[in-house]
Enquirer: 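Below you will find the structure I want to go over with you.
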Number of protein chains: 2
Amino acid sequence: MVTLAEVAQHAGVSASTVSYVLSGKRSISAETRERVGRSIRALGYHPNAGARALASNRSNIIALMIPLRTDMYVPVMMEIATAVATTARTHGYDILLLTGEEGPDAVRRVTGSGLADAMILMDVELDDDRLPLLRATEQPAVLIGLPTDPAGATCVDLDWSATGALCVEHLAELGHREVAVIGEAPAVYERHTGFAVRTLDGLRSRARELGLKVLHRPWEGGYDAMAATLSRIFDERPRTTGFVVQNESAVEPLLAVLRRLGRAVPEDVSVVAVCPDQVAVQASVRLTSVAVPAQEMGRHAVDLLVGRLDGRETDDVVLIAPELTVRASSGPAPSR
Amino acid sequence: MVTLAEVAQHAGVSASTVSYVLSGKRSISAETRERVGRSIRALGYHPNAGARALASNRSNIIALMIPLRTDMYVPVMMEIATAVATTARTHGYDILLLTGEEGPDAVRRVTGSGLADAMILMDVELDDDRLPLLRATEQPAVLIGLPTDPAGATCVDLDWSATGALCVEHLAELGHREVAVIGEAPAVYERHTGFAVRTLDGLRSRARELGLKVLHRPWEGGYDAMAATLSRIFDERPRTTGFVVQNESAVEPLLAVLRRLGRAVPEDVSVVAVCPDQVAVQASVRLTSVAVPAQEMGRHAVDLLVGRLDGRETDDVVLIAPELTVRASSGPAPSR
DNA sequence: CATCTCCGTCGAAGCGCTTCGACTCACCCT
DNA sequence: AGGGTGAGTCGAAGCGCTTCGACGGAGATG
């Protein structure tokens with residue numbers, strides 16, 4: 001293993017000089033810089049992460065806490081995670097992967113041990129039990145999600161409330177009067193997951209303003225469950241012509257069951273989805289959708305964090321405005 | 001920030017004693033251990049990760065390199081990743097997340113800097129360019145996947161070749177004579193991804209032994225592409241009655257298109273999938289399938305690695321035997 | 001009873017790096 | 001000519017922990 005001291009000796013300078021070459025924190029003559037650079041390459045030197053962390057009190061690691069729930073749509077999580085990882089690398093940071101399993105303890109462990117310089121938390125609940133811990137430490141943290149009280153942490157999220165409103169507005173403009181929402185699994189609402197609750201609230205209040213009737217049904221997964229859900233919906237509200245799907249994995253089952261029921265999309269019923277664009281265009285019907293900007297959220301989170309770590313002032317809450325793309329799954333309400 | 005020394009002072013012992021209490025590497029009287037434990041709790045002490053890594057030359061971190069390709073089935077990757085993370089935690093290790101993007105450089109960086117004690121690599125190609133680097137370091141590594149020459153690294157994988165064989169055997173037993181394979185995206189084969197190539201090889205050679213005709217068609221994604229693929233297959237081999245799907249995301253498109261073509265499953269055609277059990281049971285037709293044991297693979301990989309790190313001798317290659325579960329998507333070939 | 005052994009504890013020496021203060025030149029200003 | 005300035009470099013002091021060797025004392029051994 002090659003050390004700084006060996007590089008210094010090889011280059012005929014002192015260890016501190018090599019360190020300053022590496023960090024650029026003091027000016028070094030071009031000639032010396034050159035020579036040190038050559039020695040580094042010649043010896044194949046890599047700074048030791050532990051030593052660096054100890055001496056500088058910086059690990060250059062960002063912890064990312066991902067839920068390991070199976071009731072969330074995984075690809076979006078993954079997309080956020082990869083965006084976080086790649087963005088972090090461009091700033092010289094690595095990502096430590098924490099699963100939600102450990103819960104608040106993980107926060108304690110990581111901040112306490114100086115393993116990471118900062119944290120990014122996903123799957124934020126409205127009243128998240130990790131928040132008090134974050135407030136108690138001076139370590140920067142970014143939530144991907146928006147709790148009820150965001151004090152003490154920076155937040156990045158899609159404006160879910162506006163998203164819900166946007167979906168229902170679109171359907172209203174097309175003349176739909178009765179709308180059904182196929183939601184997440186019940187457990188997601190029960191633990192007050194921010195995005196699910198907010199979407200629903202935003203949708204409902206806009207619907208009220210517009211005079212639309214809304215039915216919300218969670219969905220557990222599976223085709224049979226979808227068939228049951230739909231038949232219940234059409235029993236209770238036969239005149240339902242608009243659907244909002246907030247759960248990406250519900251998209252295909254919904255379309256399949258509608259087909260089986262003989263309801264044409266978009267002639268008989270319209271469907272608006274909240275999902276990544278890729279899902280929307282690859283579905284069996286090209287979906288009118290509000291995109292979930294997973295990449296953007298991940299990138300933003302890291303940028304904010306790095307800004308904080310570099311001592312810059314940053315925004316406290318970044319809400320991304322939703323954008324609806326009209327595709328083939330929504331159209332004018334059938335005249336009856 | 002609380003340090004070891006402060007704990008030692010608070011407990012009235014020397015720093016080394018506290019260290020030995022923590023590591024258990026020397027015997028400590030019960031009374032002292034008790035007292036030190038109390039001080040630790042009283043002060044809220046957490047060992048500093050950097051200092052520990054520096055002094056002990058162990059970071060207690062395992063690097064996990066995940067592909068960030070979009071042409072792979074994401075949920076399986078994620079399942080492996082979470083299994084890796086949770087298993088690692090039970091052994092006291094944390095996970096450093098590396099995306100495939102950096103490629104071999106990431107290996108160099110991580111092993112060189114002592115950031116991680118070991119690595120787990122996913123998305124292994126038959127002739128992977130990260131392998132030479134792994135062989136050149138004495139750091140343990142586990143591949144989830146099996147390259148052509150596994151020397152120098154431990155490997156964990158499903159026996160894909162046997163998996164392919166198993167699928168075709170099942171169809172053969174049911175009397176199917178002409179079989180089509182809906183594969184991964186072409187790029188997956190082009191870069192010689194181990195599992196894709198091996199499955200196909202295993203399937204083909206068993207088919208040859210059994211006298212079955214096999215057609216293999218990659219699939220890029222999307223319903224239209226699936227419709228095109230199927231119509232080509234039925235053009236070229238009208239008597240095709242068996243399908244093997246190795247790409248989980250192809251399952252629903254395949255079933256939907258078959259339905260549209262008026263081919264009933266399993267009466268007209270049988271479908272065997274290679275996918276996680278959850279996908280198989282939640283599909284619109286309950287699928288006969290070979291399970292991809294994602295969790296098991298992740299867990300195994302970590303167990304092997306930890307074994308190595310603890311100086312134990314471990315297996316070099318762990319191949320998990322495939323298991324086929326018969327469900328509702330396969331049945332006797334139609335008599336013609 | 002002298003000697004050996006083992007247990008429990010301590011002190012000190014690093015691990016490889018960053019960073020602060022200090023030093024040496026050259027150069028510029030008055 | 002004297003002093004000030006800034007660029008470039010060095011030495012040394014730590015960062016918080018692990019670990020090795022040493023040591024005193026208790027109990028076992030012959």
Enquirer: Does a side-chain N-to-carboxylate-O contact under 4.0 Å join B:R130 and B:D123?
Expert: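 Salt bridge absent between B:R130 and B:D123.
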
Enquirer: Excluding sequence neighbours, so at least two apart, what forms salt bridge (charged side-chain N to carboxylate O under 4.0 Å, His left out) with A:R312?
Expert: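 Testing A:R312 for salt bridge (charged side-chain N to carboxylate O under 4.0 Å, His left out), a comparison that skips the adjacent residues, returns A:D310.
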
Enquirer: Quiz question: by atom type and distance under 3.5 Å, do the side chains of B:S29 and B:T32 form a donor-acceptor pair?
Expert: yes

Enquirer: Give me each pair satisfying side chain to side chain donor-acceptor pair (under 3.5 Å) with a member in residues 292-304 of chain B, each pair once, sequence neighbours excluded.
Expert: B:H91-B:D303

Enquirer: Take nucleotides 16-21 of chain C nucleotide by nucleotide from the 5' end and write B, S or -, depending on whether a protein heavy atom sits under 4.0 Å from the base, only from the sugar-phosphate, or from neither.
Expert: BBBBBB

Enquirer: Scan the side chains in residues 148-155 of chain A for donor-acceptor partners under 3.5 Å anywhere in the protein, sequence neighbours excluded, and list what turns up.
Expert:
residue: A:T148; atom: OG1; partner: A:L126; partner atom: O; Å: 3.3
residue: A:D149; atom: OD1; partner: A:A151; partner atom: N; Å: 3.1
residue: A:T154; atom: OG1; partner: A:R308; partner atom: NH1; Å: 3.1

Enquirer: Is there any side chain to side chain donor-acceptor pair (under 3.5 Å) pair reaching into residues 12-21 of chain B, and which pairs are they, with sequence neighbours excluded?
Expert: B:S14-B:S16, B:S14-B:T17

Enquirer: How bent is the helix from C:dC1-D:dG30 to C:dT30-D:dA1, comparing axes over its five end pairs at each side, to the nearest 10°?
Expert: 40°

Enquirer: Step by step, work out the side chain to side chain contact (heavy atoms under 4.5 Å, CB included) result for A:I61 and A:D117.
Expert: CA-CA 6 Å; A:I61 288 179; A:D117 297 333; 5.7 Å; no

